[in-house]
K.L.:
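This is the structure, below, for whatever I ask next.
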Protein chains: 2
Amino acid sequence: MAEKRMGTESSATRALLLDVTERLMLKKGYAAVSSRSVAKEAGVTAALVHYYFRTLDDLFLAAFRREAERQLVKHDRLLRGDQPLRALWEFSSNPSITALLFEFMALANHRKSIRSEIAEYIERFRRVQIDALSPHLEAHGLGRVDLPPEAIIVSLIGVSRTLAMEQSLGVTGGHPETLALVERYLTRLEGPRPAVPRST
Amino acid sequence: MAEKRMGTESSATRALLLDVTERLMLKKGYAAVSSRSVAKEAGVTAALVHYYFRTLDDLFLAAFRREAERQLVKHDRLLRGDQPLRALWEFSSNPSITALLFEFMALANHRKSIRSEIAEYIERFRRVQIDALSPHLEAHGLGRVDLPPEAIIVSLIGVSRTLAMEQSLGVTGGHPETLALVERYLTRLEGPRPAVPRST
DNA sequence: GTCTATAGTTCGATAGAC
DNA sequence: GTCTATCGAACTATAGAC
């Protein structure tokens, strides 16, 4: 059987469809993404969406990969600065990135092909974090057996993502105390927050 | 205009529909919940679902409330034991409860009526946690200004939920080190894990 | 590269019979 | 309390014209 026609990776329309998909996921959730809703928002027809992405899963996967690669680049750059732990905290506190990751995780929970892709990327981010931060933390005498860099990183990310998610729901109980604790911890390790925040 | 007919709160069928809704959310995600899918799984017709719950939002809300109230009872009991912090850790590490909460949060992100209900319950859980744990932690000299109970609780929950979620995706990077760290921390504060785990 | 047209599903919600 | 029947809408995906 012959191959179905398909759009190329470099197409501007394809990029637009991915933009729209991301926007729609953030604003209305993954369940609001359909070939029709994406097409309408992009000003094209649903058939064209299927021309670039055979199935909806392909569309989700492409959107996830593109954003993950973008974030990996940004992530790498931040971790090479002089306050990598603080940078990691701020990176994983980003509300819209957290919300988007959350949508993809919710989606992944019930779609095999997407789950394995997301798991792979999370592991990849984590390896980069551990590689970048281990020497830095050990220089502060924090690589000790009872406080390994892996545990510091996972905890920091767990707390930041939880705060971000709860905040987007409007929950604030215990947040000020937790933020203050993290801030003291980061200051002790890497000094105070710079007067001019690092650029995004 | 006259009131629409509606089922009563005490109906066994109503309870069954809530059971099915919960099961379906866990297994296939909230997007797989429809009046038809719930009806089919419960062995009734879609019209009957609408007889008990006027809209799908009503169904979701009822399912959330019922489960939240159940968990509040369990939560209360656990926090009154002799290792409340460890109990809180285990409580919020429960994979299926975490997965279900996650589904509801994903749903809530884009449905106003559900969002406010979830936010309210999270705040309620947190107040109970703070009230129960503050005296306990202060007895261990941990209520100090620089390490308030609120921050300990939020951090512990953030880490446990993140580990649970990642685990369900198949991510394990940094988990062993983090689990070991938490275990050492809990042991230092409340002693070792009991030989026979507390019952659920 | 983009469209129209269409097949085949599934959905939310209601009216009204039993 | 539960069902059948139904409206009107939205959905995925494809074939084929332009």
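Model, not experiment: these values are computed from the prediction. Every chain is numbered from 1 and lettered A, B, ... according to where its sequence line falls, protein lines coming before strand lines.
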K.L.:
Can you identify which nucleotide, out of dG12(C), dT2(C), dT2(D), has its nearest atom closest to the Tyr52(B) side chain?
P.N.:
dT2(D)

K.L.:
Whole Å only: how far is the CG atom of Leu24(B) from the P atom of dC11(C)?
P.N.:
10 Å

K.L.:
Round to a whole Å and report the spacing from NZ of Lys40(A) to C1' of dC11(D).
P.N.:
14 Å

K.L.:
Starting from P on dG12(C), measure out to CG on Leu48(B) and report it in whole angstrom.
P.N.:
15 Å

K.L.:
Would a line drawn from the ring center of Tyr121(A) to the ring center of Phe64(A) be shorter than 6.0 Å?
P.N.:
yes

K.L.:
Restricting to non-hydrogen atoms, name the atom on Leu24(A) and the atom on Ser37(A) that form the minimum distance, rounded to 0.1 Å.
P.N.:
CD2-OG, 3.4 Å

K.L.:
Is the gap between the ring centers of Phe102(B) and Phe102(A) under 6.0 Å?
P.N.:
yes

K.L.:
Using a 4.0 Å heavy-atom cut-off, write out nucleotides 13-18 of chain C from 5' to 3' as B (base contacted by protein), S (sugar-phosphate only) or - (no contact).
P.N.:
BB--B-

K.L.:
Shortest non-hydrogen contact from Leu100(B) to Glu67(B)?
P.N.:
CD2-CG, 3.9 Å

K.L.:
Is a donor from one side chain sitting under 3.5 angstrom from an acceptor on the other, for Glu103(B) and His110(A)?
P.N.:
yes

K.L.:
Could you work out how much the helix from dG1(C)-dC18(D) to dC18(C)-dG1(D) bends, comparing the axis of its first five pairs with that of its last five, to 10°?
P.N.:
10°

K.L.:
OP1, OP2 of dC3(D) versus side-chain N and O of Thr45(B): anything below 4.0 Å?
P.N.:
yes

K.L.:
Do Val128(B) and Ile152(B) sit in one hydrophobic cluster, given that two such residues count as connected whenever their side-chain heavy atoms are within less than 4.5 Å of each other, even indirectly?
P.N.:
yes

K.L.:
Could you please spell out the steps behind the side-chain contact (heavy atoms from CB on, under 4.5 Å) verdict for Thr178(B) and Ser155(A)?
P.N.:
CA-CA 7 Å; Thr178(B) 309; Ser155(A) 303; 3.9 Å; yes

K.L.:
Just by distance, with hydrogens left out, do Thr8(B) and Ser11(B) show a side-chain donor and acceptor under 3.5 Å apart?
P.N.:
no

